[in-house]
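Indexing begins at 1, ligand by ligand and atom by atom, following the structure's order. Note that this is a predicted model, so its numbers are computed, not measured.
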Amino acid sequence: MESKKFFITTAIDYVNQKPHLGTAYEKIGADCMARYMRLRGYDTFFLMGNDEHSTNVEIEAQRQGLAPLDYCSQMSTVFQETWRSLDISYDDFIHTTEERHRTAVRRLFEAIHANGYIYKGRYEGLYCDSCEEFVSEKDLVDGLCPRHKQEPKRIEEENYFFKLSEFEGPLLAHIEKNVDFVRPASRANEIVNVIKGGLEDVSISRFGKSWGIPLPIDDGHVVYVWFDALINYISAIGYGSDSPDRFDRYWPADVHVIGKDITRFHCIIWPAMLMAGGVPLPQSVFAHGFLSLGGEKMSKTLGNILDPRKMAAIFGPDGIRYLLLREVPFDRDGDISGEILIGRYNADLANELGNLFSRTATMITRYCGGELKAGPFGPGWELHDVLAGSLEGYHRHMNRLEFSRALGAYWVVIQRANRFIEEKRPFDLAKDPSKRNELVAVLGELYAVLATTGVVLSPFMPGKMAEMLRHLGADGVGMDRLPVCEAAVRRLQAPKPLFPRIQDSAEELFKD
Ligand SMILES: [Zn+2]
């Protein structure tokens with residue numbers, strides 16, 4: 001039987017600045033989901049990329065004395081090195097300057113045009129260069145763009161328009177029928193209100209610009225950067241190409257993971273573009289919240305916290321992935337600080353998980369010569385119910401991209417297993433040869449919890465969990481074999497600490 005597919009994307013990033021921790025947070029969340037689905041046996045395709053046709057990119061390239069394409073290629077290296085440092089496992093990385101993307105943009109534009117949803121008109125209005133967005137009078141605060149605190153330009157030009165206004169009814173019907181199309185639900189309500197407030201046609205071209213994709217019907221214009229960028233989700237998998245096998249296999253996307261500030265583009269304009277072009281809609285759009293950084297006092301000494309590569313160097317790629325996804329619920333905003341991250345690292349990873357692993361592995365090595373056979377793990381075992389309950393909660397939350405809650409639900413069994421060691425005192429049982437069976441049973445339960453934990457936490461901490469599973473002789477186990485029931489360690493070595501305790505203060509750790 002052919003395996004089921006899972007196609008997940010992140011927003012593509014403007015390359016006029018380096019990736020920061022907020023950008024990294026989105027990629028880490030999407031990567032966690034992609035890895036989870038792979039471990040469940042899904043044929044998973046994970047797409048990321050860079051958005052290069054921005055006027056700001058052209059300006060930044062000029063400022064550095066570079067051709068725009070050379071600048072984009074340098075920035076692509078910076079982005080991809082950052083993602084590698086965080087162990088992000090994307091399957092493809094699209095650049096909007098690539099020919100495959102330009103082809104797809106022209107094809108979708110032609111399809112929408114042929115279906116009668118594009119017309120030429122006169123645009124008079126305001127445009128914020130930094131947003132790269134047309135802004136309306138009512139969105140301004142004291143005459144300024146609220147995001148950039150700068151005065152938008154007044155633009156008057158002949159433009160091509162997309163008949164977004166014709167999609168109010170179809171979009172509302174789609175969102176009503178598909179309750180998970182926009183997630184979380186609070187975002188869906190916002191989108192419904194925007195649509196009910198009335199949709200206006202949108203300008204989708206800029207006149208007299210050279211940096212961009214010329215319209216197939218009028219090369220005096222280039223495609224507006226947002227209209228261009230959204231199409232990456234289908235251009236990367238071969239829409240409009242001569243061999244659209246990947247498109248046929250993976251589209252529609254299962255989830256577009258984006259920031260909460262760009263929901264209107266992804267939940268209104270994008271689905272309307274697809275409807276107009278006769279392309280099926282994605283299954284869902286998930287809008288994550290934003291990270292904020294504690295009080296102002298940290299910004300002085302802890303400016304480094306914004307650099308994902310420095311954070312990966314401090315906590316390890318696995319550590320920072322875990323900390324961000326545990327500390328900030330993916331669907332909401334959350335605050336972090338150096339103290340919070342260090343505290344969480346020491347409590348959860350160095351103490352609870354790290355100790356459970358080193359104590360259990362050390363005891364199996366010492367008392368059983370590194371070999372253990374126990375199981376099957378069934379209802380007669382003391383940790384059975386708590387492990388089964390933790391796994392149920394974990395899967396339920398993972399399926400909804402609720403990473404923090406998934407970890408919270410699973411962590412119950414890790415804490416329980418640590419208490420189990422204190423209650424059962426295997427180090428005392430080992431002193432009494434008549435308690436041998438009890439000792440093996442206790443260590444067997446602990447082993448089962450640990451091996452299961454290694455698989456369950458792999459999407460969050462792929463490197464460290466692979467290391468732990470190798471120690472336990474349980475590498476390569478998929479989600480379909482949980483809990484790991486048959487405890488069968490072969491020659492376990494006493495391990496080094498997986499997560500060495502961090503002794504430094506936040507101030508010490510994050511200084512330049
Ligand atoms: Zn702006």
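- Partners of F46 by ring pair (Phe, Tyr, Trp, His ring centres under 6.0 Å), not counting sequence neighbours: none found.
- Looking at heavy atoms from C-beta onward, R183 lies out of side-chain contact with V285 at the 4.5 angstrom threshold.
- Each protein N/O/S atom under 2.8 Å from the Zn ion (ligand 1) was counted, for a total of 4.
- At a threshold of 4.5 Å between non-hydrogen side-chain atoms, the residues F162 and F167 count as touching.
- A 4.5 Å side-chain heavy-atom check between R246 and D92 finds at least one atom pair inside the cut-off.
- Side chain of D254 to main chain of F7: a donor-acceptor pair is present (N/O by atom type, distance under 3.5 Å, no hydrogens or angles).
- Shown are R38, K4, K5, R249; of these, the salt bridge (Lys or Arg N to Asp or Glu O under 4.0 Å) with D43 is made only by R249.
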